[in-house]
Amino acid sequence: MNQIQFCDLHCDTAMELIAGNRLNDTSTQVNLPSMTLGNVAIQLFACYVPPSIPEGERAPLVSNMMDHLKREIEVNSEQIALCTTCDDIVSRMEEGVKCAVMTIENGMAIENDLRNLEKFYEDGIRCITIVHAKSHDWAISSNDQHPAFDGLTPFGEKVIAAMNEMGMIIDVSHAHDITVEKILKISKLPVIASHSCVRELCDSPRNLSDDLIRKIADGGGMVGINFYPGFLDDRYAKLIDERAGSLFSELSRMEKKAGNDIGEISRMFQQFRVTLKDKMRDAPVSMDRIFQHVLYIIDLVGDDCVGFGSDFDGIPDTPENFDDCGSFRHIADWFHDAGFSTERMNNISHQNFLRIFKLHNNC
């Protein structure tokens with residue numbers, strides 16, 4: 001029953017590797033044993049750059065994460081392979097080998113220099129989340145209540161054009177509505193929102209409006225549903241703000257305190273996760289909430305525009321029975337119970353991403 005192959009559009013496990021964790025044990029939410037259990041065949045690994053990292057240290061941090069990830073993949077080469085094209089993925093899946101695609105979370109990683117963008121592509125990066133929880137020099141974040149400019153600066157527009165030219169996927173998760181609008185007008189290739197949810201079902205600026213979902217779909221793009229309860233469920237989101245404070249405010253506090261010590265950021269985040277889970281123990285969010293967001297997008301724009309972007313190893317809490325990537329097996333069960341055809345299941349689980357990736361490979 002559970003042999004559907006899944007693509008997860010976003011995880012933050014690369015940071016955990018710098019902190020000393022390994023891909024072949026279960027210390028992280030994304031790990032090889034759990035990927036096998038959940039039939040996760042394609043994993044996009046994000047190299048996250050905290051907004052607190054000073055200029056000049058951002059690009060080296062990404063390179064360091066990439067090196068750690070590449071070493072882990074090499075050590076476990078019988079189980080997982082680094083893939084940079086759609087053909088790579090198809091070949092590896094046929095061999096029964098898991099596929100790793102490297103991405104960057106936070107466009108400030110390029111240090112305002114298109115040469116860094118080109119170097120990242122040459123080194124294997126195939127997607128960039130344009131901005132994170134704080135606006136930077138050329139893109140506005142969804143958290144920004146007082147944008148300093150209209151979504152993208154002229155340099156930001158050059159970044160989008162350059163990403164199109166080289167075939168690097170543009171990811172608009174975390175971007176402000178005005179930023180997403182501008183990107184969609186400029187980009188000649190489909191964009192993704194790798195780990196976002198539906199604003200109509202959970203009223204967070206981090207989530208996407210119906211209008212933006214339609215526009216992403218009209219351009220051939222897709223949305224990966226995030227598994228964080230605070231983006232899935234309004235009640236949970238309100239309670240967590242009351243009990244633990246704003247997630248992004250807490251992350252900013254931790255990152256500023258830790259400075260550029262990624263290992264310390266990881267340790268502080270794990271402590272925060274334990275505290276938050278305890279405070280929210282009486283307000284669980286069912287995994288059904290994930291499916292409600294999936295079905296909402298299907299009803300709005302069809303099967304070809306939705307997938308999954310767990311945000312594992314980057315979120316402090318998860319829905320019930322969704323502790324790690326092994327939980328993707330529950331999604332397979334849900335697909336079958338809902339009577340989805342094999343074609344529909346495969347589209348949502350991984351083919352939608354492969355279609356977009358192939359378009360970028362052939363640009």
Check: Between V40 and K98, which heavy-atom pair has the shortest distance, and what is it?
Finding: O-CG, 3.9 Å

Check: What class does the angle between the rings of H330 and F322 fall in, given that below 30° is parallel, 30 to 60° is tilted and above 60° is perpendicular?
Finding: tilted

Next item on the list: Report the residue from V301, I213, L295, I348 that forms a side chain to side chain contact (heavy atoms under 4.5 Å, CB included) with V306.
Entry: I348

Item checked: Listed once per pair and sorted, the ring pair (Phe, Tyr, Trp, His ring centres under 6.0 Å) pairs that draw on residues 11-42, sequence neighbours left out -> none

Note to self: Just by distance, no angles: are the side chains of S187 and N164 close enough, under 3.5 Å, to form a donor-acceptor pair?
What the structure shows: yes

Checklist line | Non-neighbouring partners of D233 that pass side chain to side chain donor-acceptor pair (under 3.5 Å), sequence neighbours left out | finding: none

Margin query: Quick check: do I192 and I356 have side-chain heavy atoms less than 4.5 Å from each other?
Written below: yes

Note to self: Under the side chain to side chain contact (heavy atoms under 4.5 Å, CB included) test against C7, which residue among H350, M93, Q351 passes?
What the structure shows: H350

Notebook entry, point to check: If you take all heavy atoms of P190 and H360, which pair is closest and at what distance?
Noted result: O-CE1, 3.2 Å

Check: Hey, do the aromatic rings of F328 and F227 have their centres closer than 6.0 Å?
Finding: yes

Checklist line | Exam field: side chain S173 to backbone H195, donor-acceptor pair closer than 3.5 Å | finding: yes

Check: Does I130 belong to the same Ile/Leu/Val/Met/Phe/Trp/Tyr cluster as I169, with side-chain heavy atoms less than 4.5 Å apart forming each link?
Finding: no

Checklist line | E95: partners by side-chain contact (heavy atoms from CB on, under 4.5 Å), with sequence neighbours left out | finding: R92, V97

Checklist line | Test side chain to side chain contact (heavy atoms under 4.5 Å, CB included) applied to L69 and L17, N64, L82, the passing residue | finding: L17

Margin query: Test of understanding: clusters of I, L, V, M, F, W, Y form through side-chain heavy atoms closer than 4.5 Å, transitively. Do V172 and I104 belong to the same one?
Written below: yes

Next item on the list: State, to 0.1 Å, how close G230 and C202 come at their nearest heavy-atom pair, and which atoms those are.
Entry: O-SG, 3.5 Å

Margin query: Quiz question: by atom type and distance under 3.5 Å, do the side chains of E16 and H68 form a donor-acceptor pair?
Written below: no

Next item on the list: Hey, could you give me the NE2/CG distance between H293 and D288, rounded to the nearest 0.5 Å?
Entry: 11.5 Å

Check: Going only through I, L, V, M, F, W and Y residues with side-chain contacts under 4.5 Å, is there a path from L9 to F291?
Finding: no

Note to self: Just checking W138 against F149, ring centres under 6.0 Å apart?
What the structure shows: no

Checklist line | salt bridge (Lys or Arg N to Asp or Glu O under 4.0 Å) partners of residues 31-56, not counting sequence neighbours, each pair once | finding: none

Could you pull out all donor-acceptor pairs under 3.5 Å where a side-chain atom in residues 151-162 meets a protein atom, sequence neighbours excluded?
residue: T153; atom: OG1; partner: F155; partner atom: N; Å: 3.3
residue: T153; atom: OG1; partner: G156; partner atom: N; Å: 3.1

Note to self: Would you compute the distance between atom CG of D88 and atom OG1 of T84 and round it to the nearest 0.5 angstrom?
What the structure shows: 4.5 Å

Item checked: Sequence-distant partners of E181, side chain to side chain donor-acceptor pair (under 3.5 Å), two or more places apart -> K215

Margin query: Has S142 got a side-chain atom pairing as donor or acceptor with H174's backbone, closer than 3.5 angstrom?
Written below: yes

Item checked: Side-chain touch E111/E57, heavy atoms, less than 4.5 angstrom -> no

Checklist line | Pairwise side-chain contact, L32 with N76, heavy-atom cut-off 4.5 Å (strictly under) | finding: yes

Notebook entry, point to check: Taking only residues two or more places apart in sequence or in another chain, which ones pass side chain to side chain donor-acceptor pair (under 3.5 Å) with Q43?
Noted result: D8

Next item on the list: Name the orientation class of the two ring planes belonging to F231 and Y228 (parallel below 30°, tilted from 30 to 60°, perpendicular beyond 60°).
Entry: perpendicular

Check: Salt-bridged, D282 to R243, with N to O below 4.0 Å?
Finding: yes

Item checked: Side chains of R71 and E74 in contact at under 4.5 Å (non-hydrogen atoms) -> no

Note to self: Given 3.5 Å as the limit, does a donor-acceptor pair link the side chain of D234 with the main chain of D203, or not?
What the structure shows: yes

Notebook entry, point to check: Sequence neighbours excluded, which residues qualify as side chain to side chain donor-acceptor pair (under 3.5 Å) partners of R126?
Noted result: none

Item checked: Between CD on residue Q29 and OG1 on residue T318, distance to nearest 0.5 Å -> 6.5 Å

Next item on the list: Please confirm whether the backbone N or O of I73 pairs with a side-chain atom of S77, one donor and one acceptor, at under 3.5 Å?
Entry: no

Next item on the list: May I ask you to check whether S194 and D171 show a side-chain donor-acceptor distance below 3.5 Å?
Entry: yes

Check: Taking atom types as modelled and ignoring hydrogens, do the side chains of D144 and S141 form a donor-acceptor contact shorter than 3.5 angstrom?
Finding: no

Margin query: If you apply the rule side-chain hydrogen bond (donor to acceptor under 3.5 Å, both in side chains), what do you find for N31 with S34, and how did you get there?
Written below: CA-CA 5 Å; N31 58 79; S34 297; 3.0 Å; yes

Note to self: According to ring pair (Phe, Tyr, Trp, His ring centres under 6.0 Å), does anything in residues 24-63 pair up with another residue at least two apart or in another chain? List the pairs.
What the structure shows: Y48-H132

Next item on the list: Walk me through it: do E264 and R267 pass the test salt bridge (charged side-chain N to carboxylate O under 4.0 Å, His left out)?
Entry: CA-CA 5 Å; E264 181 60 18; R267 287 186 287 274; 3.2 Å; yes

Margin query: So, taking the atom named CZ in F335 and the one named OG in S341, what distance separates them when rounded to the nearest 0.5 Å?
Written below: 10.0 Å

Next item on the list: Find out whether M163 and L117 are in side-chain contact, i.e. whether some heavy atom of one side chain is under 4.5 Å from a heavy atom of the other.
Entry: yes

Next item on the list: Salt-bridge test for K70 and D123: reply yes if a basic N is under 4.0 Å from a carboxylate O, no otherwise.
Entry: no

Margin query: Pairing donors with acceptors under 3.5 angstrom, does anything connect the side chains of N207 and S196?
Written below: no

Check: Cluster question for you: counting only ILVMFWY and a side-chain heavy-atom cut-off of under 4.5 Å, with indirect links fine, are I315 and I262 together?
Finding: yes

Note to self: Quick one, R58 with V62, criterion side-chain contact (heavy atoms from CB on, under 4.5 Å). Give me CA distance, side-chain angles, the key distance, then yes/no.
What the structure shows: CA-CA 6 Å; R58 299 160 185 167; V62 171; over 6 Å; no

Checklist line | Minimum heavy-atom distance between H176 and P147, given as atom pair plus value | finding: NE2-CG, 4.0 Å

Next item on the list: Would you check if H136 and N106 make a side-chain contact, meaning some heavy-atom pair closer than 4.5 Å?
Entry: yes

Notebook entry, point to check: Can you list every salt bridge (Lys or Arg N to Asp or Glu O under 4.0 Å) pair that touches residues 308-322, not counting sequence neighbours?
Noted result: K277-D317

Note to self: Test: salt bridge (Lys or Arg N to Asp or Glu O under 4.0 Å). Region: residues 22-39. Which pairs qualify, not counting sequence neighbours?
What the structure shows: R22-E72

Note to self: Count I, L, V, M, F, W, Y as connected when their side-chain heavy atoms are under 4.5 Å apart, and connections chain through other members. Are V191 and M168 then in the same cluster?
What the structure shows: yes

Note to self: For A175 versus V131, what's the shortest heavy-atom pair and its separation?
What the structure shows: CA-CG1, 3.6 Å

Checklist line | Validation row: L232, I225 side chains within 4.5 angstrom (heavy atoms) | finding: yes

Note to self: Can you give me the closest heavy-atom contact between I290 and P319, atom names plus distance?
What the structure shows: CD1-CG, 4.0 Å

Note to self: Going by salt bridge (Lys or Arg N to Asp or Glu O under 4.0 Å), name the pairs with one or both residues in residues 293-304, residues two or more places apart or in two chains.
What the structure shows: D303-R344

